[in-house]
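Below you'll find the structure I mean.
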Amino acid sequence: MKSSARIRALFALVVIALSVYIAVTVPVRLGLDLRGGTQIVLETRSTETLEADGEATDRTLEVLRGRIDALGVAEPSIVRSGDNRIIVELPGVQDPRQAAEVLGRTAQLTVHPVLGPGTDPESAKKLPKGERVLADEAGERLHLAPAALTGQDVEGAEATFDQQSGAGWMVTVDFADDKGWSKLTGEAACNPAGDHKRRVAIVLDNKVISSPQVDPSVACGAGITGGSTQITGSFTGDDSKELALLISGGALPVPVETVEQRTVGATLGAEAIESSAWAAAFGTALTALFIIVVYRLMGFLAIVALTCYGVISYAALAGLGATLTLPGLAGFVLAIGMAVDANVLVFERAREEYSKRNRPSSRSALTAGFKGAFSAIADSNITTLIAAGLLFLLASGPVKGFGVTLAIGVLASMISALVITRVLAEFAVERRWVHRRPKLTGLASIGRVREYLTRRNPQLMRRPRRWLLVSLLVLVVTGAGIVVRGLNFGVEFTGGRLIEYSTTKTVDPDRARAALADAGFPQAVVQSSGDNGLTVRTEELSNAEAVKVAETIDEVGGGAEKVRDELIGPSLGDELRRNALIALGLALGAQLVYLAFRFRWMFGTAAVSTLAHDVVILTGIFAWLGKPIDGIFLAALLTVVGYSVNDSVVVFDRVRELWQKDPKAPLPQSTNTAVLQTVPRTVNTGIGVIFILAALALLGGDSLTDFALALLIGMLVGTYSSVLTASPLAIELDAYSGRRNGGGRRRGSRGSRGRGGPARGKSGDGENSGRAKAESRGH
């Protein structure tokens with residue numbers, strides 16, 4: 001015992017020391033929704049000659065990286081996503097128009113010999129392959145030969161200002177191969193001055209940007225040596241710099257299309273960080289106070305362990321290089337409540353053990369508490385990790401960040417509760433002054449909730465169908481909202497553009513809607529956002545049309561500042577909606593498989609059916625309220641799935657334990673006892689989580705209100721359903737299974753052998769009964 005305690009203490013010390021070191025030395029990378037900036041998702045498109053596969057996307061990424069570096073953005077990020085998507089993050093860039101144009105243009109530079117003046121459009125269609133007719137910078141049509149040089153032959157380009165000759169801004173282009181340029185200009189020099197054939201056309205994206213005459217001083221066949229040329233014209237400084245950037249960045253191997261674009265103002269990011277920090281501090285303080293009042297010394301030590309949990313989570317986030325987004329920050333705060341749950345499970349089991357012993361001691365009760373609560377903690381956290389894993393694999397953007405943060409929080413909470421809390425608690429109960437004052441530990445009292453239930457002993461599972469009828473009624477009423485009101489899908493799932501503005505004065509949404517209709521946007525959906533905010537949602541807009549929308553809102557609002565801008569392509573919206581349904585279906589399926597493996601099929605079926613029940617109720621309530629169904633809602637929904645199944649696992653784990661002690665006990669009786677024994681844990685954990693969620697809803701700002709509301713509703717529904725829906729449903733499924741098997745319930749099942757699963761039955765089952773009973777006692 002002492003050696004294992006020393007190992008735990010050493011492990012806890014190493015983890016805490018390493019976490020503190022990482023937290024101090026490695027900063028966490030903040031997402032754009034917290035620091036402001038623009039995110040653009042580009043999708044490569046196939047052409048007739050080249051397929052947009054992974055290799056083409058990699059080459060495109062390298063070209064874009066050069067362009068981004070030339071933009072001069074601090075700490076840019078560019079990563080590949082899948083076979084044909086590239087995610088670009090540009091911190092501090094508030095106007096995405098220039099960035100999108102520079103990144104999205106293919107910039108296919110070619111240099112052509114000029115064969116003569118251009119023919120009429122009909123004749124141009126009959127030209128040999130490779131020849132074309134394009135208008136030059138002055139509008140004159142030129143007949144061009146096949147390209148002699150391409151962008152791959154360009155070594156670099158630089159914008160310069162020629163003050164001596166008065167030519168103004170120009171772009172100097174350097175070619176990698178001196179022979180190609182000298183050959184091209186040498187052949188052009190063989191034609192007389194003024195002839196079209198003495199010109200060389202430089203074409204960018206099928207547009208002649210320059211077609212200079214070869215200087216008369218260049219001899220026929222000699223050409224221009226040195227491998228460079230100057231492109232002159234009526235350039236401004238910005239025009240020449242952008243042109244040089246496109247040419248030096250190289251040509252994209254395949255065209256790209258912007259399928260998603262998000263811009264978040266720096267002010268919104270600062271407000272989100274501040275409001276979330278206040279929510280975290282206030283909610284954690286209330287939770288800490290509550291835990292200390294209920295569990296006294298053990299509660300204080302649990303809060304110390306929770307502080308260590310926060311340091312471990314932060315260090316893990318920084319060490320893995322994960323990006324902390326706004327939903328991820330909320331998930332980080334929410335995981336505090338889950339860490340509280342693990343401690344509450346241990347302390348409640350320790351209280352039970354203390355009350356059962358003739359000569360109780362805090363040390364033995366604590367050891368038994370950790371041992372008894374381990375399976376419930378492990379099962380409940382694994383189910384939450386399943387939901388977090390699905391978020392990471394199937395979601396994108398901020399929701400993916402939420403999944404990463406949630407997974408880190410779950411793992412850190414297990415270390416906090418099962419290792420750090422145990423080390424601190426075992427050290428404390430071994431002190432003589434603590435041993436003499438058992439009530440100080442908080443383990444010598446069973447608590448008011450358990451005392452009340454012990455005295456009253458309500459038979460909640462006597463008529464399980466009544467609870468199922470209540471659940472069905474609630475399900476029908478809330479689910480009707482999906483049919484009657486419909487779902488208000490966010491721009492992430494429908495495609496389009498959503499722009500949020502902060503106006504100088506309060507603007508009536510109807511007035512703004514009418515102004516936008518007059519400006520040519522009759523389909524725009526306008527809603528209030530906060531005190532002086534407006535959100536405008538439309539179909540897909542170009543950046544030029546978005547400027548027109550901004551001007552209209554600025555006019556009606558007496559001045560407006562854009563704080564958020566999201567553009568989602570229709571194809572991406574369909575994909576996100578499909579992935580959301582897949583994530584939800586896989587989450588329910590994975591929960592069913594895991595619970596059927598850990599318990600019996602009826603428990604897995606009851607738990608998953610209850611999860612579907614919770615999903616429909618939460619979605620229906622949001623439909624009645626007209627709240628948006630977006631990626632943030634999906635994160636909340638899958639979190640509710642994980643939270644709800646936690647409660648069911650705790651109850652079913654206790655049923656399994658009771659069956660091992662008394663295999664002949666009727667299921668309703670065992671379930672009722674399990675529910676009453678776990679209610680104190682459910683109540684105390686629920687109150688702790690409510691403090692966190694209420695703080696998020698009240699102090700987290702507009703960006704977190706809907707998220708916290710969804711979690712709060714889901715937690716209340718999940719707490720009710722895990723006790724009064726999942727348990728009655730398991731009883732009814734067991735009774736139905738018994739009727740199908742000749743009126744008797746089987747004691748054993750494949751799901752219980754070798755895993756500690758519940759094996760049960762009643763006398764009269766003959767040989768099967770004896771074998772199942774023996775299996776049960778052997779666990």
Side-chain angles (χ1 to χ4, degrees), residues 32-33 38-41 94 96-97 100 258-265 268 326-327 396-399 485-503 506-557 560-577 580 619 622-636 701-707 709-710:
L32 291 182
D33 52 358
T38 297
Q39 181 190 73
I40 301 175
V41 179
Q94 297 300 315
R97 286 181 297 170
T258 301
V259 295
E260 180 180 0
Q261 178 180 298
R262 299 175 186 270
T263 300
V264 180
L268 179 63
L326 185 58
S396 62
V399 183
R485 294 289 301 272
L487 297 179
N488 178 24
F489 284 109
V491 68
E492 286 177 309
F493 294 148
T494 60
R497 194 154 189 168
L498 184 143
I499 312 175
E500 182 177 350
Y501 299 95
S502 175
T503 56
T506 303
V507 180
D508 182 29
D510 291 334
R511 182 187 171 198
R513 193 177 300 113
L516 288 172
D518 293 339
F521 306 99
Q523 303 298 324
V525 177
V526 183
Q527 294 176 318
S528 297
S529 174
D531 295 332
N532 287 340
L534 287 175
T535 59
V536 180
R537 191 176 71 190
T538 68
E539 297 179 351
E540 190 171 0
L541 295 177
S542 65
N543 286 321
E545 291 172 326
V547 171
K548 191 173 182 180
V549 170
E551 292 173 350
T552 304
I553 298 298
D554 183 79
E555 183 178 348
V556 298
E561 179 184 358
K562 183 172 66 175
V563 296
R564 183 163 60 116
D565 187 353
E566 298 183 7
L567 170 65
I568 306 292
S571 60
L572 184 60
D574 292 339
E575 180 181 323
L576 290 173
R577 186 167 61 248
T619 307
F622 259 55
W624 281 117
L625 296 176
K627 296 290 185 179
I629 307 297
D630 52 15
I632 304 300
F633 175 82
L634 175 62
D702 295 333
S703 53
L704 288 179
T705 299
D706 289 346
F707 179 81
L709 178 64

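Small disclaimer: the values here were computed from a predicted structure and weren't measured.
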Query - Considering all heavy atoms, the nearest Y501-A546 contact - result: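 Smallest heavy-atom distance, with atoms named: OH-O, 4.1 Å.
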
Report summary line: F633 meets the ring pair (Phe, Tyr, Trp, His ring centres under 6.0 Å) criterion, sequence neighbours left out, with F622

Query - Step-by-step side chain to side chain contact (heavy atoms under 4.5 Å, CB included) determination, L625 to L709 - result: CA-CA 11 Å; L625 296 176; L709 178 64; 4.3 Å; yes

Requested in this report: Using side chain to side chain donor-acceptor pair (under 3.5 Å) as the criterion, list what pairs up with N488, not counting sequence neighbours.
Outcome: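 For N488, the residues satisfying side chain to side chain donor-acceptor pair (under 3.5 Å) (neighbours in sequence not counted) are R537.
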
**Report entry** Partners meeting side chain to side chain contact (heavy atoms under 4.5 Å, CB included) with A524 (sequence neighbours left out)
**Finding:**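 Applying side chain to side chain contact (heavy atoms under 4.5 Å, CB included) to A524 gives L516, F521, V536, T538.
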
Query raised in the report: What pair of heavy atoms forms the shortest contact from T552 to A519, and how long is it?
Result: OG1-CB, 3.6 Å

Query raised in the report: Where the side chain of D554 meets the backbone of A560, is there a donor-acceptor pair that is under 3.5 Å apart?
Result: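 Between the backbone of A560 and the side chain of D554 there is a qualifying donor-acceptor contact (under 3.5 Å).
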
Query raised in the report: Of all heavy-atom pairs between A515 and V556, which one has the smallest distance, and what is that distance?
Result: CB-CG1, 3.6 Å

**Report entry** side chain to side chain contact (heavy atoms under 4.5 Å, CB included) partners of D510, counting only residues at least two apart
**Finding:**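 Checked D510 against side chain to side chain contact (heavy atoms under 4.5 Å, CB included); matches are D508, R513.
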
Query raised in the report: Any idea which heavy atoms bring A623 and G486 closest together, and the distance?
Result: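 Looking at all heavy atoms of both residues, the shortest contact is CB-O, 3.7 Å.
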
Query - Exercise: identify the closest heavy-atom pair between T503 and I553 - result: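 Closest pair (atom of T503, atom of I553, distance): CG2-CG2, 4.1 Å.
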
